Number of protein chains: 2
Amino acid sequence: MRPREFDHDEVLRVAFDQFWRKGVRGTSLSDIARDAAVQRGSLYNAFGSKEALFLEAYERYAGDYLAALHKALAVGSLRKRLTSFFDLTITNFRSGTPPRGCPTTRGLMELGAAEGEGLDDNARQAFARLISRITAMLQDTLVAAAARGEFDGNPAAAALHIVTVTRGLAVLERAFGDEPQLRKIAGHTIDLVLGRTGG
Amino acid sequence: MRPREFDHDEVLRVAFDQFWRKGVRGTSLSDIARDAAVQRGSLYNAFGSKEALFLEAYERYAGDYLAALHKALAVGSLRKRLTSFFDLTITNFRSGTPPRGCPTTRGLMELGAAEGEGLDDNARQAFARLISRITAMLQDTLVAAAARGEFDGNPAAAALHIVTVTRGLAVLERAFGDEPQLRKIAGHTIDLVLGRTGG
DNA sequence: GCGCATTTTTGACGGCGTGTCAAATATTTT
DNA sequence: AAAATATTTGACACGCCGTCAAAAATGCGC
């Protein structure tokens with residue numbers, strides 16, 4: 001056997017960086033090959049296709065991101081947890097120069113076809129899976145808060161609402177690029193979910 | 001002068017139908033040319049570029065959509081108005097077979113680059129403009145409702161919140177394709193905005 | 001230590017996309 | 001009828017995806 005001449009993980013990092021900055025369709029394998037100092041054909045040999053490469057790179061990102069969210073949701077009052085959650089979310093959207101937006105939301109809308117009827121259904125499932133995991137984490141957080149008497153609404157509905165807002169924030173970020181606005185919306189959402197009086 | 005051999009509006013309709021179903025990047029001018037029975041070069045001559053063609057087609061859509069929203073927000077109690085608003089929004093996302101999603105949100109995330117730093121900045125501005133108009137309409141509705149004593153929150157913040165949720169719904173639609181879920185989230189949002197007690 | 005099997009690398013190809021250009025075509029106006 | 005003008009048409013250059021066979025480099029069995 002002949003050994004690989006490049007570092008698998010390094011390529012994944014380079015690839016995801018490009019996908020994040022320029023979108024999946026906007027990034028060519030030639031771009032990645034150039035930046036990673038790898039021949040284009042080698043990428044096909046190692047990963048199979050552009051979509052497969054993206055998927056592997058994305059899963060790495062998703063794991064890291066979930067871990068960070070988990071940490072953010074683990075400490076303090078419910079209000080503090082949700083504030084940390086939104087902070088992390090928005091900071092993630094606004095990271096990079098220029099800001100890169102939310103890779104999940106961008107990928108989801110970019111790869112188009114909805115549930116089932118799509119050629120890139122693997123990617124769609126990966127995006128959906130991350131959103132589901134985030135929703136579940138939020139719900140757990142709310143259930144725990146309810147047990148402590150910090151929350152009295154419907155945890156499932158509230159978690160879904162919050163996650164919907166984060167997806168909306170990702171869209172507004174692309175539309176206006178107005179970070180203070182995003183933070184204002186986040187704050188307002190927390191107030192609504194906690195009930196204007198509670199807190 | 002030589003007259004055009006094709007119907008300008010007909011091409012716009014065909015083009016937007018394809019853009020909506022397959023995304024901007026996923027639709028080729030060859031596709032549009034075939035469906036519209038027009039030569040590809042004629043499209044370049046008449047519209048200049050793919051982006052310009054999309055823009056013109058999108059503006060037509062945006063106008064129609066705004067008019068429909070305006071109607072939906074014009075009658076009944078505030079709760080009824082918001083319900084009609086979300087109904088129309090979700091129905092729009094779920095129209096077509098298979099459902100086509102939200103063209104604004106899809107386009108916004110697809111054409112990538114955020115505010116300023118983008119090659120397709122005209123398109124981004126068009127998307128942002130529609131979102132701003134929707135927000136303004138919601139705000140007007142809430143201000144009017146407040147004057148009638150049907151609402152007592154911050155109209156600007158609430159309008160922004162609602163519009164954020166609609167963008168989030170567009171994303172979740174792509175992720176899960178679960179229409180009942182979307183309607184549940186919409187209902188929950190209305191409850192939150194109106195205050196769980198108010199009606 | 002040496003040859004062989006196996007894997008990776010490399011370069012070329014076909015197909016499709018965008019956008020441009022000049023030549024051909026069809027009207028309107030003079 | 002002829003000139004002016006705009007549209008249509010087909011060919012071209014360039015970039016990207018994915019495939020393929022040939023070349024190169026290593027590990028393994030002897």
Side-chain angles (χ1 to χ4, degrees), chain A residues 1-12 14-58 106-107 110-113 118-124, chain B residues 1-12 14-58 106-107 110-113 118-124:
Chain A
M1 285 223 315
R2 176 177 177 175
R4 244 188 219 135
E5 290 184 2
F6 60 86
D7 180 13
H8 192 86
D9 280 22
E10 168 68 9
V11 168
L12 248 44
V14 169
F16 192 71
D17 176 66
Q18 302 243 5
F19 284 137
W20 199 352
R21 283 193 286 109
K22 304 185 297 185
V24 179
R25 282 202 164 110
T27 300
S28 74
L29 284 199
S30 306
D31 293 340
I32 296 170
R34 182 171 19 74
D35 267 43
V38 172
Q39 214 69 19
R40 197 170 60 90
S42 299
L43 296 179
Y44 278 98
N45 176 61
F47 298 98
S49 69
K50 185 179 176 178
E51 190 199 346
L53 169 56
F54 171 74
L55 240 73
E56 206 169 320
Y58 178 75
R106 284 187 69 180
E110 188 181 353
L111 300 195
L119 291 138
D120 307 312
D121 203 58
N122 291 328
R124 201 213 90 246
Chain B
M1 287 223 313
R2 177 177 176 174
R4 278 242 159 100
E5 290 185 2
F6 61 87
D7 181 11
H8 192 86
D9 281 23
E10 168 69 8
V11 168
L12 250 42
V14 169
F16 193 72
D17 176 65
Q18 302 243 5
F19 284 137
W20 198 352
R21 284 193 287 111
K22 305 185 297 185
V24 178
R25 283 204 162 109
T27 300
S28 74
L29 285 198
S30 305
D31 292 340
I32 297 170
R34 182 171 20 75
D35 267 43
V38 172
Q39 213 70 21
R40 198 170 61 90
S42 298
L43 296 178
Y44 279 98
N45 176 61
F47 298 97
S49 69
K50 186 179 176 178
E51 191 199 344
L53 169 55
F54 171 74
L55 239 73
E56 206 170 321
Y58 178 76
R106 285 188 68 180
E110 189 182 351
L111 300 194
L119 292 137
D120 306 312
D121 203 59
N122 290 328
R124 201 214 89 245

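Proteins come first, then strands; the chains are lettered A, B, ... in the order of their sequence lines, and each starts at number 1. Keep in mind that this is a model prediction, so the values were computed, not measured.
- Remark: C1' of C/dT6 and CG of A/N45 are 12 Å apart, rounded to the nearest angstrom.
- Atom NE2 of A/H8 is separated from atom CZ of A/F6 by 7.5 Å, given to the nearest 0.5 angstrom.
- Taking atom CG of residue B/L43 and atom C1' of nucleotide D/dT7, one finds them 12 Å apart after rounding to whole Å.
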Run A/I32 and A/L29 through side-chain contact (heavy atoms from CB on, under 4.5 Å) and show every step you take. CA-CA 5 Å; A/I32 296 170; A/L29 284 199; 3.9 Å; yes
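- Residues that satisfy the ring pair (Phe, Tyr, Trp, His ring centres under 6.0 Å) test with B/F16, not counting sequence neighbours, are B/W20, B/Y61.
- Remark: B/S42 is in phosphate contact with D/dT8, judged by side-chain N or O atoms under 4.0 Å from OP1 or OP2.
- Between the C1' atom of D/dC16 and the CD1 atom of A/I32 lies a distance of 12 Å, rounded to the nearest Å.
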Does the pair A/L53 and A/Y44 meet the rule for a side-chain contact (heavy atoms from CB on, under 4.5 Å), with working shown? CA-CA 9 Å; A/L53 169 56; A/Y44 278 98; over 6 Å; no
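- The base of D/dG10 lies outside donor-acceptor range of the side chain of B/R40, with no N or O pair under 3.5 Å.
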Could you go step by step and tell me if A/R4 and A/N45 meet the side-chain contact (heavy atoms from CB on, under 4.5 Å) rule? CA-CA 11 Å; A/R4 244 188 219 135; A/N45 176 61; 4.2 Å; yes
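- A side-chain donor-acceptor contact under 3.5 Å links B/D31 and B/S28.
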Between B/R124 and B/L111, is the side-chain contact (heavy atoms from CB on, under 4.5 Å) condition met? List the steps. CA-CA 7 Å; B/R124 201 214 89 245; B/L111 300 194; over 6 Å; no
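- For the pair B/L53 CG and C/dT18 P, the computed distance is 11 Å after rounding to whole Å.
- Counting non-hydrogen atoms under 4.0 angstrom, B/F47 reaches nothing in the nucleic acid.
- Here the C1' atom of nucleotide C/dG17 and the CZ atom of B/F19 are 13 Å apart, to the nearest Å.
- Here the nucleotide nearest the side chain of A/F6, chosen from C/dT18, C/dT9, D/dC17, is C/dT9.
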Nucleotide by nucleotide, 5' to 3', does protein get under 4.0 Å of the base (B), only the sugar-phosphate (S), or neither (-) in nucleotides 24-30 of chain C, counting heavy atoms? -BBBS--
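- Considering only side-chain N and O atoms, A/Q39 lies under 4.0 angstrom from the phosphate OP1 or OP2 of C/dT10.
- The separation between A/F54 atom CZ and D/dG18 atom P is 14 Å, rounded to whole Å.
- Rounded to whole Å, atom P of D/dC16 lies 11 Å from atom OH of A/Y44.
- Note: CG (B/L29) to P (C/dT18) measures 5 Å, nearest angstrom.
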